[in-house]
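Notes follow once the structure below has been shown.
The structure displayed is predicted, hence computed values, not measured ones. Whatever order the structure lists ligands and atoms in, that order sets their numbers, starting from 1.
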Amino acid sequence: MALPNPTVLEFPARPEIVDEMDKRHDAEVEEWLEAFDQVVEDEGKQRGTGLLEALVRHARQSGVEVPVKLVTPYVNTIPTEEEVPYPGDRALERRIKSLIRWNAMAMVHRQNKTDGGIGGHISTYSSLATLLEVGFNHFFHASYGDQPGDLIYFQGHSSTGVYARAFLEGRLSLERVENYRHELRETPGLSSYPHPWLMPDFWSFPTVSMGLGPLNALYQARFMRYLEHRGLLEKTDRKVWAFIGDGETDEPESMGSLTLGAREKLDNLIFVVNCNLQRLDGPVRGNGKIVNELEAAFRGAGWNVIKVLWGSDWDRLLKKDKSGLLMKRFEEVVDGELQSYKAKGGAYIRKEFFGKYPELLKLVEDMSDEELHYLNRGGHDPQKVFNAYKRAVEHKGQPTVILAQTVKGYGLGSAEARNATHQEKKLADQALTAFRSRFDIPIPVEAAKKGALYRPPDDSPEIIYMLERRRALGGFTPQRHPKKIEFKTPPMAEFAESLAGSKGRAVSTTMGYVSVLRQLMKDPDVGKYIVPIIPDEGRTFGMESIIRQVGIYASQGQLYRPHDVDMLLYYREEKDGQILEEGITEAGSMASMTAAGTAYSNYGVPTIPFFTYYSMFGFQRVGDMIWAFADARGRGFLVGGTAGRTTLAGEGLQHQDGHSLVLASTVPTCHAYDPAYVYEIAVIVQDGIRRMFQQNEDRFYYITAYNEDYPMPEMPMGVEDGILRGIYKLRPAEKKAVIQLFGSGPMLNEALKAQEILAEKYGVHAEVWSVTSYNELRRDALAIERWNRLHPTEPEKRSYILQALDGAEGAIIAATDFMKIVPDQLAPWLPGRLVSLGTDGFGRSDNRQHLRQHFEVNAESIVGAALSRLAREGKFDPKRAQAAFGELGIDAEKIDPAIA
Ligand SMILES: Cc1ncc(C[n+]2csc(CCOP(=O)(O)OP(=O)(O)O)c2C)c(N)n1
Ligand SMILES: [Mg+2]
């Protein structure tokens, strides 16, 4: 029987129909098949496909049930006769690969021998080696002329293989490789996984948190098109390659956005799924077939799917098998069995796989058990892998996924394809020497037993060959060397409108932020680099005017006449639109933020992302992606709209954010601000752009934006430094102050109101401070404290918060629309002085007045807290304070909102 063309839909829909067909596989069917074969032979495969399509259409019109099948037979997608010969020196490449395998394994082995428990992985790379090496030798461009090259996302825990290659290339010294996972020694080491923060001249893409690599790669490919369509990047053949584990595909981030790839026709994107059929604990789909599942999902999402399942050794058997039973056996066998075959060896394979049908046993009667054991899987056959990659890079109009079947722990002898192989860190002496023999590693047995690293001399054929291949492909990869970019920060004067205040008009900081953004996009130098990103919340944040101003990016332009085209602010989509309107996906938006915020490094284009979202759905929803963004040295602005647990009225528990600032404080490069006034935002944004893009500081910003309208004052003189460092005095007391009031965001207004009530009703004088960032103040205070600790002989330095408060007396009542822990961050430096009022607890649906009363953060609560505190200090009559609660509408016995 001829091999079925794997791209043909060939299975009837219902099992009972299959049975019927089996029974009636008679002359009539034979006749049809013969006729079909004849057409294909005479007129080619395309004609065959055309015939089938015509037949399917005809059947549908006649009401005949037609199968919809996304899964093709369990064989290679590319028929053997369509393969092109391998262009490289197979023998030499195998030698190089063996040396890399050895060094990758030895790196982990020897480190764990001397430093037990230091960890690392040896079995993932061993399954991936051929898939990477074919890429390194023939596909991965480090550059395209003077343009940046391919962007490669490596499986995080295969880093050892990438290091081992760089070691052979002479890019990483022996000393450095010997310090794998020893990053805190005197000599430089190697980070466990791809971390640009730790190895900034090497890695670009942090991938080790499963699922983030594929998602970021997908949006990276789309962002590349965006840059090209907007004329910011020259179009080349550049590809995004993402190497993904089959277990990793269970992460929703891996698969959740696949349709974007097809919708955007991202033929610059190639996923390679390393289907070693195992994850950490055991098989990925022991009772099924992960490859089939992925094939259906990717094809259903509109991707080009190439399966690389069987190595060339199997071709001969498939050709020889006239019964069709070998194909049948491929279909029947589940992944758990496929894994067992590799773990248990040739005799088991003969008995359990071929032994099911006598015809198959006969098929392999001339083969030894050892030969059966070495029947290769597709992902370990350079010829098959090369052909798949070639098709993938040449494919037009769709992204491609390559599903490559491999063996976890390939070549590791007893660790091969075992459930425990993922955790294997050390090999027994015997396994090391067996490895040495199998892969011809030219080191003495004793050295092998110690897991010695080995690099052949510079003039060896291996080194010469691999360097020559890299030269032909434009240099080494991965490497990260951001280009120096001339950058002109827009001057503060450009934001005059935002600094001048709203002239009594009530506006929100969100509106103010949008006007800052609009202003920025008009800047002749920087305007084009601004990338506004929104996950379907543009209208919530009043961004319609921006949509009109710069348009939404749509790779196909606008193929319809929008119903609101006659309106000034219509929904404008453009091929070179500037806004990334991502739809309802904070994860996708964060991936775009990551692509845009690292473009300075990946493409030498200093795009400045502003990702504006519902603040509740930021850090807590995509926090891990934000962490990876920081690792990637991402730059840009996260803007949490509808911020504040009491300022976002009506929405209730799931929407009202009172803790994103706490989460933001956990990210080392994130500088978080909680501004009250539009001029504060303008100052923070302008300075942020200067620091990130002109001074090249690897940092990013989180800014809260609120939707409460109130008049925005003009910026007072001399407050810029205070805004940036976290605090400045806004309104002094009329007489000598006995207490200090801190306010952030809209709570600043409550503090100002409280100042008036305190003075007018209770004769208590207070000063009011705008605290733009407790997070920044704390970082400064911690750094100063550390310096003082480490320099006991030097005069003590004072933190900014203490300098700012110089001369300010009395307790401090700090009101925030976030949790109390936000101001409490300063408690160590304000001993006994700080009383925090915040919004701990679940939100509620109500208006601001009731919400602020409930959370005890309104002006009256601030007054109550001030009086109570003064009473405890003996500066105010306690009975008068208690009575004041009644006047202020404070119910002293109501439930604590923190637990309500
Ligand atoms: C989000 C996340 N969860 C868990 C892990 C821990 N982890 C590291 S590797 C691994 C198994 C990976 O299996 P697979 O994706 O199939 O890769 P393979 O090693 O088999 O190539 C797990 C669970 C992680 N790195 N990230
Ligand atoms: Mg796996």
Within 4.0 Å of some non-hydrogen atom of R279, the atoms of ligand 1 are 13 (O), 16 (O)

Going by atom types only, do S660 and Y702 share a side-chain donor-acceptor pair under 3.5 Å? yes

The closest protein heavy-atom partner of atom 25 (N) of ligand 1 is V208 O, 2.9 Å

Any heavy atom of H121 under 4.0 Å from ligand 1? The part involved is neither

Atoms of ligand 1 under 4.0 Å from any heavy atom of N274, numbered from 1 in the order shown, are 21 (O)

Taking distance alone, with N or O pairs closer than 3.5 Å, would you say V284 contacts ligand 1? no

ring-ring contact (aromatic ring centres under 6.0 Å, His included) test vs F205 passes for just one of F154, F629, F243, Y153, namely Y153

Atom 15 (O) of ligand 1: closest protein heavy atom, distance to 0.1 Å, is E248 N, 2.9 Å

Checking heavy atoms under 4.0 Å, the part of N276 that sits near ligand 1 is side chain

Exercise for review: Give a yes or no on whether the ring-centroid distance for W203 and Y193 is below 6.0 angstrom.
Suggested key: no

Under 3.5 Å, is there a donor-acceptor pair linking the side chains of H138 and Y86? yes

Which of R418, K408, M105 passes side-chain contact (heavy atoms from CB on, under 4.5 Å) with S123? It is K408

Taking both backbone and side-chain atoms of Q155, is any N or O found less than 3.5 Å from an N or O belonging to ligand 1?
yes

For K450, is the NZ atom crowded, meaning more than 12 foreign heavy atoms sit under 6.0 Å from it? no

(message) Less than 6.0 angstrom from the centroid, inside 45 degrees of the normal: does R438 satisfy that with respect to the ring of F435?
(response) no

Quiz item: Does any N or O atom in L280 lie less than 3.5 angstrom from one in ligand 1, N or O only?
Solution: no

A student comparing Q278, Q423, H157, E251 should find that the heavy atom closest to atom 12 (C) of ligand 1 comes from H157

**OP:** Indicate yes or no: does an N/O atom of S209 lie under 3.5 Å from an N/O atom of ligand 1?
**Re:** no

Before we go on, tell me: are the rings of W102 and F439 under 6.0 Å apart, centre to centre? no

Per-atom filter on ligand 1: closer than 4.0 angstrom to a heavy atom of H422 are 9 (S), 10 (C), 11 (C), 19 (O)

Row for the Mg ion (ligand 2): angle O (Q278) to OD1 (D246), 10° precision, value 100°

Residue, atom and distance of the protein heavy atom nearest atom 14 (P) of ligand 1 read G247 N, 3.6 Å

- Query: How about atom 6 (C) of ligand 1: does it have a protein heavy atom within less than 4.0 Å?
  - Reply: no

R185 to Y180 six-membered ring, cation-pi geometry met (6.0 Å, 45°): no

Among non-hydrogen protein atoms, atom 18 (P) of ligand 1 lies closest to K408 NZ, 3.2 Å

Any N/O/S atom, backbone or side chain, of N274 lying under 2.8 Å from the Mg ion (ligand 2)? no

query: How about Q398 and D267: does a side-chain donor come under 3.5 Å of a side-chain acceptor?
result: no

message = Taking the side chain as everything from C-beta on, heavy atoms only, tell me whether M466 gets closer than 4.5 Å to L168.
response = yes

heavy-atom search around atom 2 (C) of ligand 1 in the protein gives M210 CG, 3.4 Å

